[in-house]
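What follows is a set of notes on a single structure, which appears directly below.
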Amino acid sequence: MQLRLVPLLVILAACGGKSVAPPPSPPPPPPAKPAPVAAPAKSLTGIWLGTLHAGDVDLRVQLHLDLATTPAGCSGDSLDQGVKGIACTDVVATATSLAFTMPAVHATYTGTVSADGNTITGTFTQGGPLSLTLTRQATALEPAAPMPPVGVDKIQQVMTDDMATLLAGELAPSTGIGVTIGVIEHGKQTIFSFGAAKPDSVFEIGSVTKTFTGLVLAQLVQQHQVRLDQPVRELLPKGTVAKPATGAEITLVDLSAQRSGLPRMPDNMAFADPTNPYADYDAKGLYAYIGKHGVAMPEKPEFAYSNLGVGLLGQALAEHAHSSYDALVAKQITGPLGMHDTAVTPTPAMAKRFLDGHGSQHAVVHHWDLAALAGAGALRSTAGDMLVFLQAQLHPESVKGTSPQARTLAAAITASHAIQGESMPGMHIAFNWFRIDATGEYWHNGATGGFSSYALFDPDKDFAVVVLVNRGIDDGMLADNIGTHVAARLAGRLAPPLH
């Protein structure tokens with residue numbers, strides 16, 4: 001996911017002189033040396049520099065602070081992103097602490113000032129907390145100049161250069177780890193790979209599956225099989241869960257917008273095989289949990305990411321269609337779009353190209369299988385198939401076909417982009433797609449034990465990116481970092497270095 005010096009005048013008091021008593025009395029002892037007077041605390045006015053460590057990416061933050069004005073003058077620069085003059089407000093500064101907010105980026109900072117007044121150690125919170133230590137500087141640095149946009153025809157060479165450090169380290173042949181990158185811009189596409197991956201390699205896409213689940217919902221709504229405001233209870237086997245005695249109950253759109261109040265995961269998973277933790281969590285277990293938890297909506301619904309919620313949505317839609325989740329996705333999405341390399345259960349042809357997944361320290365790990373929670377993260381795919389999916393997001397009007405499912409798909413895709421509410425700071429959520437408010441880009445990422453993924457499309461600039469990696473996120477969010485880097489390059493934004 002995405003800162004002038006007026007010193008205080010210090011007056012030191014000093015005493016001098018010597019008293020002499022008249023004779024014949026003995027002279028008094030010399031006067032005691034006066035105790036030193038403590039200097040007032042040093043002003044925080046000035047220039048401060050620190051670095052945010054976000055996953056594998058380092059971002060320098062420069063703060064300009066002027067406490068001589070009312071209200072206090074405060075602005076920030078993101079030096080490595082080429083952004084200057086981000087306004088900060090609500091500045092509270094004392095001799096020992098500093099706090100402020102940055103409304104434009106939905107961020108806050110709180111820190112503690114060192115005894116010498118030259119260091120502020122604190123936390124920068126933007127969606128989640130990140131450590132940020134600021135050090136006093138004599139002069140300001142200029143943000144890096146924006147980069148020109150890179151077209152689809154040159155992106156492979158640019159990324160080869162930008163990823164030089166990764167290619168010599170994390171993606172070196174000895175690690176077994178690889179990445180496949182797919183880009184489409186104005187209808188022209190390219191797919192390229194590094195490390196152990198090939199352009200047609202098959203990966204687990206993890207939670208990017210949720211965008212397919214959201215689209216299945218939109219499809220069934222277009223086909224008048226379900227309603228967005230329909231209680232999920234009505235799609236489950238009769239007697240699974242009671243209707244709440246009072247108040248609203250969880251609907252299908254609540255599950256897709258992730259505001260149902262359901263926790264991230266159910267508490268009745270047995271984890272019989274820790275290397276494949278979701279495999280034995282079947283519909284019986286899911287229905288037992290929902291029956292116990294209930295389907296009442298929170299009094300104040302708000303966004304809370306829930307694998308359970310989207311998994312329940314996928315299972316409920318499949319149950320209603322008298323189908324498996326895998327077959328439902330094939331019927332409603334991958335079949336009409338001609339995606340032959342996307343499925344929960346790999347075909348024999350896919351199995352031959354299915355990479356080994358890797359966990360911490362490059363260790364090979366078990367593939368993950370999801371049963372009742374398949375809608376939350378069970379799909380496997382290739383970069384080529386994902387570009388077909390993303391091109392349909394960019395241009396729903398280009399989707400053609402004669403089957404009933406193909407005929408509703410264009411309208412369903414358009415409907416699935418409709419914003420349902422705020423999610424993280426600076427972002428809103430559609431049908432499981434997140435939209436970045438500042439750029440208009442839609443995105444989702446995913447991770448299993450041995451794979452990670454990142455998908456993004458920009459309707460205004462007409463490009464899309466998919467990054468698939470056969471490594472989980474224990475050692476850093478490699479797919480996210482590469483994906484956001486590629487998007488920045490395509491858009492002409494400053495792309496932070498990849499480590």
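Nothing here was measured: the structure is a model prediction, and the numbers come from that model.
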Worksheet item: In terms of side-chain heavy atoms, does D385 have a donor or acceptor partner in T382 at a distance below 3.5 Å?
Response: no
Item to complete: Go through N307 and L373 one step at a time and tell me if the side chain to side chain contact (heavy atoms under 4.5 Å, CB included) criterion holds.
Response: CA-CA 8 Å; N307 288 313; L373 299 181; 5.6 Å; no
Practice prompt. Sorted by first residue and then second, give each salt bridge (Lys or Arg N to Asp or Glu O under 4.0 Å) pair with at least one member in residues 452-461; sequence neighbours left out.
Written response: none
Worksheet item: Going from CZ on R264 to OH on Y305, what distance comes out if it is rounded to the nearest 0.5 angstrom?
Response: 6.5 Å
Item to complete: Look only at the side chain of E204 and the backbone of F451, and say whether a donor-acceptor pair between them is shorter than 3.5 Å.
Response: no
Worksheet item: Between the main-chain N or O of L379 and the side-chain N or O of T209, is there a donor-acceptor pair closer than 3.5 Å?
Response: yes
Worksheet entry | Student check: side-chain heavy atoms of H293 and P263 closer than 4.5 Å | yes
Item to complete: Nearest 0.5 Å please: distance from the CD atom of Q315 over to the CG atom of L370.
Response: 11.5 Å
Fill in: Single hit among W443, Y442, F457 for ring-ring contact (aromatic ring centres under 6.0 Å, His included) with F434
W443
Fill in: Minimal non-hydrogen separation, A87 against P103, with atom names
O-CD, 3.8 Å
Item to complete: Would you indicate whether the side-chain heavy atoms of T119 and T121 approach each other to under 4.5 Å?
Response: yes
Worksheet item: P298 and S260: which non-hydrogen atoms are nearest, and at how many Å?
Response: CD-O, 3.3 Å
Worksheet item: Under 3.5 Å, is there a donor-acceptor pair linking the side chains of Q223 and Q332?
Response: yes
Worksheet item: Considering all heavy atoms of both residues, which atom of E422 and which atom of M424 are nearest to each other, and what is their separation?
Response: CG-O, 4.2 Å
Discussion item. I'd like to know whether CD1 of I473 has more than 12 heavy-atom contacts from other residues, nucleotides or ligands below 6.0 angstrom.
Written reply: no
Worksheet, complete the sentence: Correct closest heavy-atom pair for S452 and G472 would be OG-O, 4.4 Å
Worksheet item: Do N432 and S256 have a side chain donor and acceptor closer than 3.5 Å?
Response: yes
Worksheet entry | Sidechain-backbone polar pair: S207 side chain, N445 backbone, donor-acceptor under 3.5 Å | no
Discussion item. If I take atom CG from residue L44 and atom OG1 from residue T96, how far apart are they, to the nearest 0.5 angstrom?
Written reply: 9.0 Å
Fill in: Backbone of F100 reached by a side-chain donor or acceptor of D90 within 3.5 Å
no
Worksheet item: Do T108 and T101 have side-chain N/O donor and acceptor atoms under 3.5 Å apart?
Response: no
Worksheet item: Is a side-chain donor or acceptor of Q258 paired with a backbone partner of S306 at a separation under 3.5 angstrom?
Response: yes
Discussion item. Measuring only between side-chain heavy atoms, which start at C-beta, is L409 closer than 4.5 Å to L337?
Written reply: yes
Worksheet item: How would you list all residue pairs meeting salt bridge (Lys or Arg N to Asp or Glu O under 4.0 Å) that involve residues 425-445, not counting sequence neighbours?
Response: R435-D437, E441-R493
Worksheet item: How about I120 and Y109: do any of their side-chain heavy atoms sit closer than 4.5 Å?
Response: yes
Discussion item. For T408 and Q219, which I'm curious about, is there any donor-acceptor pair between the side chains at under 3.5 Å?
Written reply: yes
Worksheet item: Roughly how far, to the nearest 0.5 Å, is the CD atom of Q393 from the OG1 atom of T414?
Response: 9.0 Å
Discussion item. Contact between L166 and I482 at the side-chain level, heavy atoms closer than 4.5 Å - yes or no?
Written reply: yes
Worksheet item: Between K284 and Y281, is there a donor-acceptor pair closer than 3.5 Å when you use the side chain of the first and the backbone of the second?
Response: no
Practice prompt. Kindly indicate whether the side chain of W48, heavy atoms from C-beta on, has any atom under 4.5 Å from the side chain of L132.
Written response: no
Worksheet entry | Verdict with reasoning, H362 to E170, per side chain to side chain contact (heavy atoms under 4.5 Å, CB included) | CA-CA 9 Å; H362 310 149; E170 186 65 16; 3.4 Å; yes
Worksheet item: In Å, rounded to the nearest 0.5 Å, how long is the span from OG of S453 to CE of M386?
Response: 7.5 Å
Discussion item. Using side-chain heavy atoms (C-beta onward) and a distance below 4.5 Å, is T89 in contact with C74?
Written reply: no
Worksheet item: Do I191 and T180 pass the side chain to side chain contact (heavy atoms under 4.5 Å, CB included) test, and can you show the C-alpha distance, the side-chain angles, and the key distance before you say yes or no?
Response: CA-CA 7 Å; I191 300 172; T180 298; 3.7 Å; yes
Fill in: Which atom of L63 lies closest to which atom of C88, heavy atoms considered
CD1-SG, 4.1 Å
Discussion item. T251 vs R227, test: side chain to side chain contact (heavy atoms under 4.5 Å, CB included). Steps then yes/no.
Written reply: CA-CA 9 Å; T251 67; R227 307 184 317 275; over 6 Å; no
Discussion item. With a 4.5 Å cut-off on side-chain heavy atoms, are L79 and L49 touching?
Written reply: yes
Fill in: Atom pair CG/CZ of D341 and F203 - distance to nearest 0.5 Å
12.0 Å
Worksheet entry | Main-chain N/O of D369 paired to N276 side chain as donor or acceptor, under 3.5 Å | yes
Discussion item. Would the distance check show the side chain of H485 and the main-chain N or O of M159 forming a donor-acceptor pair, the cut-off being under 3.5 Å?
Written reply: no
Worksheet item: Is there a side-chain hydrogen bond (donor to acceptor under 3.5 Å, both in side chains) between T213 and Y325 once you walk through the steps?
Response: CA-CA 9 Å; T213 303; Y325 178 80; 2.7 Å; yes
Worksheet item: Is a side-chain donor-acceptor pair under 3.5 Å present for T484 with Y454?
Response: no
Discussion item. For a quick test of reading the model, state the closest non-hydrogen atom pair linking V232 to L252 and the distance between them.
Written reply: CA-CD2, 3.9 Å
Worksheet item: Above 12 or not: heavy atoms from other molecules or residues under 6.0 Å from NE2 of H340?
Response: no
Worksheet entry | Any donor-acceptor pair under 3.5 Å from D80 side chain to R60 backbone | yes
Item to complete: Taking R259 for its side chain and Q420 for its backbone only, find out whether a donor-acceptor pair lies under 3.5 Å.
Response: yes
